[in-house]
**Q** 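Before we start, here is the structure in question, set down as structure tokens.
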Amino acid sequence: MNLELTPGELLPRSFYSVSALEAAPLLLGQILERDTEEGVIRCRIVETESYGGVEDKGSHAYGGRRTARTEVMFGEGGAAYVYLIYGMYHCLNVVTGPQDDPQAVLIRAVEPLALEDEVLMRRCRGSLVRRPADLSGGPGKLCRALGIDKALNGALFYSGASPLRLAAGGPGAGGSGERIVAAPRINIPYAEEYAAKPWRFYYRDNPYVSIIDKNSEARSKPSSDFPRLFNK
DNA sequence: TATCAGATTGTCT
DNA sequence: GACAATCTGATAG
């Protein structure tokens, strides 16, 4: 996919028509915008995981399980799927693919774009932040830092009227020369043979990434090996 | 730095 | 009734 987009412009609805596996690395480097009472928080996506299709045993929609919770995943791509995990944390996903094909990309880590964004995120965060990953390195942490809860389930990322949006990152979003690591997804032992699939993507050496894979050096690839949103 | 148990509730069987 | 796409603080080395 090669879309000509101006950095800062909202990603178009068509961006979300691809599979979750395609979208996961493409979302790296894109900008997540969140409207809060204190102002707009802007941050860059640095870690994602793909949960794709009814055959993925790691997915909430495995086997076509369509319930009140997973309903958003069955809709057209471009909506937010937000759910509660372990009774106290929320997780944010970007729904992709066509209607009735449940696929989503879990956003696992973001980094604040500017100092003002970091200030707002720290304010929302609550607990002690010593290192970058403490702020927003992890799906539960980033939702707290951005004030995301189930009220945002179904929000449309491509709509200017939405309180949660996705905009194009810099000229190299989806890459920009940074190496991308593809590694197994986190905490889904029940997914059996799907647990080992390298469907987690993150920027190597980025301090906001939640967990560093020991074999990341061997597994990392130049970003040019992944689909690009922008031409060079 | 690494490991571990506890927290806490919506969701599904 | 069991468990979850997690995080945190405590404890040991």
Side-chain angles (χ1 to χ4, degrees), chain A residues 19-21 23-25 27-28 32 45-75 77 79-97 101-111 121-155 157 164 181-202 207-216:
Chain A
S19 71
L21 194 52
L27 281 166
L28 294 179
L32 185 62
I45 297 172
V46 300
E47 180 182 350
T48 61
E49 277 181 3
S50 164
Y51 287 87
V54 296
E55 75 284 351
D56 180 1
K57 293 181 181 174
S59 172
H60 290 166
Y62 169 59
R65 256 180 26 198
R66 188 166 187 160
T67 65
R69 181 176 65 150
T70 62
E71 185 59 31
V72 205
M73 288 182 83
F74 285 82
Y81 169 41
V82 181
Y83 63 88
L84 182 71
I85 188 68
Y86 299 116
M88 55 187 109
Y89 300 106
H90 292 276
C91 289
L92 171 68
N93 295 252
V94 177
V95 175
T96 75
D101 184 355
Q103 304 199 39
V105 177
L106 172 67
I107 307 302
R108 285 195 57 91
V110 298
E111 65 178 350
M121 286 166 71
R122 279 178 179 267
R123 201 171 295 169
C124 291
R125 190 65 179 75
S127 66
L128 189 59
V129 174
R130 296 176 191 279
R131 315 147 45 119
D134 292 340
L135 181 65
S136 52
K141 294 180 202 171
L142 80 86
C143 281
R144 269 203 189 162
L146 299 177
I148 291 170
D149 62 21
K150 282 180 69 180
L152 290 170
N153 191 42
F157 289 109
L164 190 61
V181 177
R185 295 173 291 178
I186 305 295
N187 280 345
I188 48 165
Y190 50 83
E192 301 173 8
E193 74 271 26
Y194 283 87
K197 304 244 182 224
W199 290 351
R200 172 177 176 236
F201 303 91
Y202 61 89
Y208 286 85
V209 169
S210 62
I211 297 169
I212 308 298
D213 192 281
K214 293 296 180 190
N215 299 315
S216 65

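Sequence lines set the chain letters: A, B, ... in the order given, protein chains first and strands last, and positions in each chain run from 1.
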**Q** Base, sugar-phosphate alone, or nothing: which one does Gly58(A) contact when heavy atoms must sit under 4.0 Å apart?
**A** base
**Q** In whole angstrom, what separates Tyr62(A)'s OH from dC12(B)'s C1'?
**A**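 Rounding to the nearest Å, OH of Tyr62(A) and C1' of dC12(B) are 16 Å apart.
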**Q** Check Ile85(A) against Cys91(A) and note the closest heavy-atom contact, atom names and distance.
**A** CG2-SG, 3.8 Å
**Q** Looking at Thr67(A), I'd like to know whether one of its side-chain N or O atoms comes within less than 4.0 Å of OP1 or OP2 on dT11(B).
**A**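 Checking Thr67(A) against dT11(B): no side-chain N or O falls below 4.0 Å of OP1 or OP2.
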**Q** Please tell me which of Arg131(A) and Thr70(A) maps to the more 5' nucleotide of DNA chain B, matching each residue to the nucleotide holding its nearest heavy atom.
**A** Arg131(A)
**Q** Output the single nucleotide from dA7(B), dT8(C), dC12(B) whose closest atom is nearest the side chain of Lys141(A).
**A** dT8(C)
**Q** Taking OH from Tyr86(A) and C1' from dC7(C), how many angstroms apart are they, rounded to a whole number?
**A** 10 Å
**Q** Atom CD1 of Ile107(A) to atom P of dT6(C): distance rounded to whole Å?
**A**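 Computing the Ile107(A):CD1 to dT6(C):P distance gives 14 Å.
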**Q** Phosphate oxygens OP1/OP2 of dT6(C): is one of them under 4.0 Å from a side-chain N or O of Arg144(A)?
**A** no
**Q** Across all strands, who's sitting opposite dC3(C) as a Watson-Crick or G-U wobble pair, both distances under 3.5 Å?
**A** dG10(B)
**Q** Let me know the distance between CZ of Arg66(A) and P of dT11(B), rounded to the nearest Å.
**A**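 Nearest whole value for this atom pair: 17 Å.
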**Q** Just the rounded figure in Å: distance from C1' of dT8(B) to NE2 of His90(A).
**A** 12 Å
**Q** Between dT11(B), dT6(C), dA7(B), which one does the side chain of Ile85(A) approach most closely?
**A** dT6(C)
**Q** Applying a 4.0 Å non-hydrogen cut-off, can you work out what Arg69(A) is touching in the nucleic acid: base, sugar-phosphate, or nothing?
**A**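 Result for Arg69(A) = sugar-phosphate.
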**Q** Ala155(A) and Leu164(A): which non-hydrogen atoms are nearest, and at how many Å?
**A** CB-CB, 4.5 Å
**Q** Does Arg125(A) have a side-chain nitrogen or oxygen under 4.0 Å from the phosphate oxygens OP1 or OP2 of dT8(C)?
**A** yes
**Q** Output the single nucleotide from dC7(C), dG10(B), dT6(C) whose closest atom is nearest the side chain of Leu84(A).
**A** dG10(B)
**Q** Are Lys150(A) and dT9(B) close enough that a side-chain N or O sits under 4.0 Å from OP1 or OP2?
**A** no
**Q** How is Gly87(A) classified with respect to the nucleic acid when contacts are heavy atoms under 4.0 Å: base, sugar-phosphate, or nothing?
**A** base
**Q** Taking Glu49(A) for its side chain and Ile186(A) for its backbone only, find out whether a donor-acceptor pair lies under 3.5 Å.
**A** yes
**Q** Rounded to the nearest angstrom, tell me the gap between atom CG in Leu106(A) and atom P in dA4(C).
**A**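 Taking atom P of dA4(C) as the reference, CG of Leu106(A) is at 16 Å.
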**Q** Under the side-chain contact (heavy atoms from CB on, under 4.5 Å) criterion, do Tyr83(A) and Thr70(A) qualify, and how do the steps go?
**A** CA-CA 9 Å; Tyr83(A) 63 88; Thr70(A) 62; over 6 Å; no
**Q** Looking only at heavy atoms, what is the nearest atom pair of Asp56(A) and Tyr62(A), with distance?
**A**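 Closest heavy-atom pair between Asp56(A) and Tyr62(A): O-CB, 3.2 Å.
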**Q** With Arg185(A) as the cation and Tyr51(A) as the aromatic partner, state whether NZ or CZ is under 6.0 Å from the six-membered ring centre and within 45° of the axis.
**A** yes
**Q** Of the options dT6(C), dT13(B), dT11(B), whose atoms approach the side-chain atoms of Arg65(A) most closely?
**A**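 Output: dT13(B).
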**Q** Measure the distance from CZ on Arg130(A) to C1' on dG9(C) and round it to the nearest whole Å.
**A**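 Going from Arg130(A) (CZ) to dG9(C) (C1'), I get 11 Å.
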**Q** What's the CD1-C1' distance between Ile211(A) and dC7(C), to the nearest Å?
**A** 11 Å
